[in-house]
Peer 1: 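Take a look at the following structure, please.
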Amino acid sequence: MNKAISSNQLAYSVSAFILASNLLTSNVYSFVKNDSWFAVIAGFAVSLLIIGIYILLSRSYPGLGLFEINDAVFGKIVGKIMSFFYIFYFVSLAILNTRVMGDFVKGEELTRTPLMLIFVVFILVCAWAVRKGPVNMTRYGFFSTFVAIVVITTITLLLIYKYNLKHLAPSFMLPARNYVIGTHIVTMLPFCEILAFTTFIPHLYRPNQFGRAMLKGLTIAAVMLLIVVLRDTVVLGKFITIFSMPSYYTARCIDIGDILTRVEIVYAIVLIGLLFFKVSITYYATIAGLTKILGTSMYQSLIYIIGALICIYAAACFPSLAGHVKWKMTAAPTFSTVFILILPLLTLIVSFIRNSLSPKKHASESA
């Protein structure tokens, strides 16, 4: 049962992975404010082009995952170097999202709990999921996406009485630079991080359906993220830029007859579950890459070694929440661009050149 992931399981896993980035919408609001909905739509369009690169690579090398494709395109030595860059990116995602989870839990729910304890418990659960392997991990994709959609939809409907459509105006009054930055953030942080799922291709029932699953998952998540951004904007208005976690505070606004309150607790539980899912995926991608380039069978040992490193670096990477917020708004999108766009595009170009030269080489040998 090595290849046991269906197209639908992968698609819903992609959706859950992206929806875990609900807390990152504050970065977009800071630049595009009430026009953040435009950044989501534009980011979705740009993401389709970038994900097209991953799909072309998967079709050129059927059944191979990201690390195997690197070896096939660049050879074993250079391929391992390229794979190392991706491993660094995946473990960075695991660290940064673990920090997001820790800041959220400590800041809003367990204020007296040591941050390191939160990290250790969280990573132990993620390690358990990684030990089960990618097939078992993706089986929870549909459930995670379904619960997230239900919660987002319910909160959106419960807040109708607080909607003020005037908060959407005036539109497109900001400098063009702001819209470019907002689109860049949406593209590189929530959407195209699904590059991690290229490591799942060897475990698919039908590897040729990888592209369809990625596009389906991206579309579902983009629609839900658009709803979240529009809802937060019409509820919070100009105050949307002062909150570090707008969606959480939007849920906190629900107060119907002093009976239906504290709905944000449900939102928090779902969000932590989604972050667990996202970190587990990037955690697995890291382990899969290390196992490949090191040529070792020490899968279980690597899980705990990398888990310890994630905890340590998640605690040490930023001195404060403010430092983390600044990173997400400035350097993070550019950092991700190198791994999400530049390296895969380079791989595609080299692959195209090699495939173009191959017929000539065979023709010269025949002559």
Side-chain angles (χ1 to χ4, degrees), residues 13-32 36 39-40 42-55 57 66-67 69-70 81-101 103 177-200 214 217-218 221-222 225 229 274-275 277-286 288-289 310 313-314 317-318 323-348:
S13 295
V14 168
S15 297
F17 186 93
I18 296 174
L19 289 174
S21 298
N22 265 313
L23 289 178
L24 300 179
T25 54
S26 60
N27 308 334
V28 184
Y29 298 139
S30 298
F31 289 100
V32 203
S36 294
V40 174
F44 172 69
V46 175
S47 297
L48 291 177
L49 298 176
I50 296 174
I51 290 168
I53 297 173
Y54 312 156
I55 295 173
L57 286 172
L66 177 63
F67 304 114
I69 291 174
N70 286 334
I81 295 173
M82 292 290 289
S83 294
F84 175 79
F85 285 128
Y86 285 115
I87 291 168
F88 174 73
Y89 174 63
F90 293 142
V91 76
S92 297
L93 282 183
I95 291 168
L96 294 170
N97 282 278
T98 299
R99 182 58 186 253
V100 168
M101 183 282 309
D103 287 339
R177 175 176 176 272
N178 288 47
Y179 295 100
V180 173
I181 294 174
T183 301
H184 186 213
I185 291 173
V186 173
T187 303
M188 294 301 159
L189 297 188
F191 287 159
C192 288
E193 290 176 340
I194 57 176
L195 169 69
F197 285 97
T198 55
T199 62
F200 284 56
M214 292 283 277
L218 174 65
L225 192 62
V229 168
L274 290 173
L275 284 169
F277 189 81
K278 182 174 183 178
V279 171
S280 297
I281 296 295
T282 53
Y283 192 170
Y284 167 78
T286 302
I310 291 173
Y313 280 99
C317 59
F318 299 104
H324 193 186
V325 171
K326 184 178 180 181
W327 157 264
K328 289 186 292 183
M329 291 176 59
T330 54
T334 303
F335 171 78
S336 295
T337 302
V338 174
F339 305 96
I340 286 175
L341 175 59
I342 296 176
L343 292 184
L345 183 59
L346 175 63
T347 304
L348 184 63

Peer 1: Could you pull out the closest heavy-atom pair between L275 and A20, with the gap in Å?
Peer 2: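 So the two residues come closest at CD2-O, 3.6 Å.
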Peer 1: What residues, two or more places apart in sequence or in another chain, satisfy side-chain contact (heavy atoms from CB on, under 4.5 Å) together with Y179?
Peer 2: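 With sequence neighbours excluded, Y179 shows a side-chain contact (heavy atoms from CB on, under 4.5 Å) to V32, D35, F38, F172, L174, given in chain and number order.
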Peer 1: Tell me, do L66 and Y54 make a side-chain contact under 4.5 Å, heavy atoms counted?
Peer 2: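 No, every pair of side-chain atoms sits at 4.5 Å or beyond.
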Peer 1: Partners of A16 by side-chain contact (heavy atoms from CB on, under 4.5 Å), sequence neighbours excluded?
Peer 2: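 A16 satisfies side-chain contact (heavy atoms from CB on, under 4.5 Å) with S144, T145, L274, F277 only.
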Peer 1: Can you name the side chain to side chain donor-acceptor pair (under 3.5 Å) partners of Y313, sequence neighbours left out?
Peer 2: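 For Y313, no residue satisfies side chain to side chain donor-acceptor pair (under 3.5 Å) once neighbours in sequence are set aside.
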Peer 1: Which heavy atom of I281 sits nearest a heavy atom of A196, and at what distance?
Peer 2: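 Shortest heavy-atom separation between I281 and A196 comes out as CG2-CB, 4.1 Å.
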Peer 1: Please walk me through it: do W327 and L96 pass side chain to side chain contact (heavy atoms under 4.5 Å, CB included)?
Peer 2: CA-CA 10 Å; W327 157 264; L96 294 170; 3.7 Å; yes
Peer 1: Quick one: OG on S15 to CE on M214, what's the gap to the nearest 0.5 Å?
Peer 2: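 Between atom OG of S15 and atom CE of M214 there are 11.0 Å.
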Peer 1: Rounded to the nearest 0.5 Å, how far apart are OG1 of T198 and CD1 of I69?
Peer 2: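 These two atoms lie 7.0 Å from each other.
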Peer 1: Provide the full list of salt bridge (Lys or Arg N to Asp or Glu O under 4.0 Å) pairs with a residue in residues 87-99, sequence neighbours left out, each pair given once.
Peer 2: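 Found R99-D103.
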Peer 1: Can you name the closest pair of heavy atoms from V229 and Y29 and give their distance?
Peer 2: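 That closest heavy-atom pairing would be CA-OH, 3.3 Å.
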Peer 1: Please list, chain by chain and in numerical order, all residues satisfying side chain to side chain donor-acceptor pair (under 3.5 Å) with Y284, sequence neighbours excluded.
Peer 2: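 With sequence neighbours excluded, Y284 shows a side chain to side chain donor-acceptor pair (under 3.5 Å) to H203, given in chain and number order.
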Peer 1: How would you list, by chain and number, every residue that makes a side-chain contact (heavy atoms from CB on, under 4.5 Å) with V46, sequence neighbours excluded?
Peer 2: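 Partners of V46 by the side-chain contact (heavy atoms from CB on, under 4.5 Å) criterion, ordered by chain and then number, come out as I50, T183, T187.
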Peer 1: Any idea which heavy atoms bring E193 and K278 closest together, and the distance?
Peer 2: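 Closest approach of E193 to K278: OE1-NZ, 2.5 Å.
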Peer 1: Applying side-chain contact (heavy atoms from CB on, under 4.5 Å), name anything that partners F44, two or more places apart in sequence or on another chain.
Peer 2: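 Applying side-chain contact (heavy atoms from CB on, under 4.5 Å) to F44 gives L48, F191, L218, T219, A222.
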Peer 1: List, one per line, each side-chain donor-acceptor pair under 3.5 Å for residues 332-347, sequence neighbours excluded.
Peer 2:
residue : atom : partner : partner atom : Å
S336    : OG   : A332    : O            : 3.2
T337    : OG1  : H184    : NE2          : 2.8
T337    : OG1  : P333    : O            : 2.7
T347    : OG1  : L343    : O            : 2.9

Peer 1: Side chains of N27 and L189, heavy atoms from C-beta outward: is any pair under 4.5 Å?
Peer 2: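 Yes, at least one pair of side-chain atoms sits under 4.5 Å.
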Peer 1: What's the shortest heavy-atom distance between C317 and I95, and which atoms?
Peer 2: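 Nearest heavy atoms, C317 then I95: SG-CG2, 4.4 Å.
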Peer 1: List in chain and number order the residues that pass side chain to side chain donor-acceptor pair (under 3.5 Å) with S83, two or more places apart in sequence or in another chain; answer none if no residue qualifies.
Peer 2: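 Counting only residues at least two positions away or on another chain, S83 forms a side chain to side chain donor-acceptor pair (under 3.5 Å) with N70.
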Peer 1: Test of understanding: with ring-ring contact (aromatic ring centres under 6.0 Å, His included), list the residues that count as partners of F17, not counting sequence neighbours.
Peer 2: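 With sequence neighbours excluded, F17 shows a ring-ring contact (aromatic ring centres under 6.0 Å, His included) to F197, given in chain and number order.
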Peer 1: Look up atom CG in L93 and atom CZ in F90, then write down how far apart they are to the nearest 0.5 Å.
Peer 2: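 The distance works out to 7.5 Å.
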Peer 1: Could you state the interatomic distance from OG (S36) to CD1 (I185), rounded to the nearest 0.5 Å?
Peer 2: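 Interatomic distance, S36 OG to I185 CD1, rounded to 0.5 Å: 9.5 Å.
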Peer 1: To the nearest 0.5 Å, what is the distance between CD1 on I18 and OG on S13?
Peer 2: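 I18 CD1 to S13 OG: 11.0 Å, rounded to 0.5 Å.
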Peer 1: Could you state the interatomic distance from SG (C192) to CD1 (I194), rounded to the nearest 0.5 Å?
Peer 2: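 So the gap between those two atoms works out to 6.5 Å.
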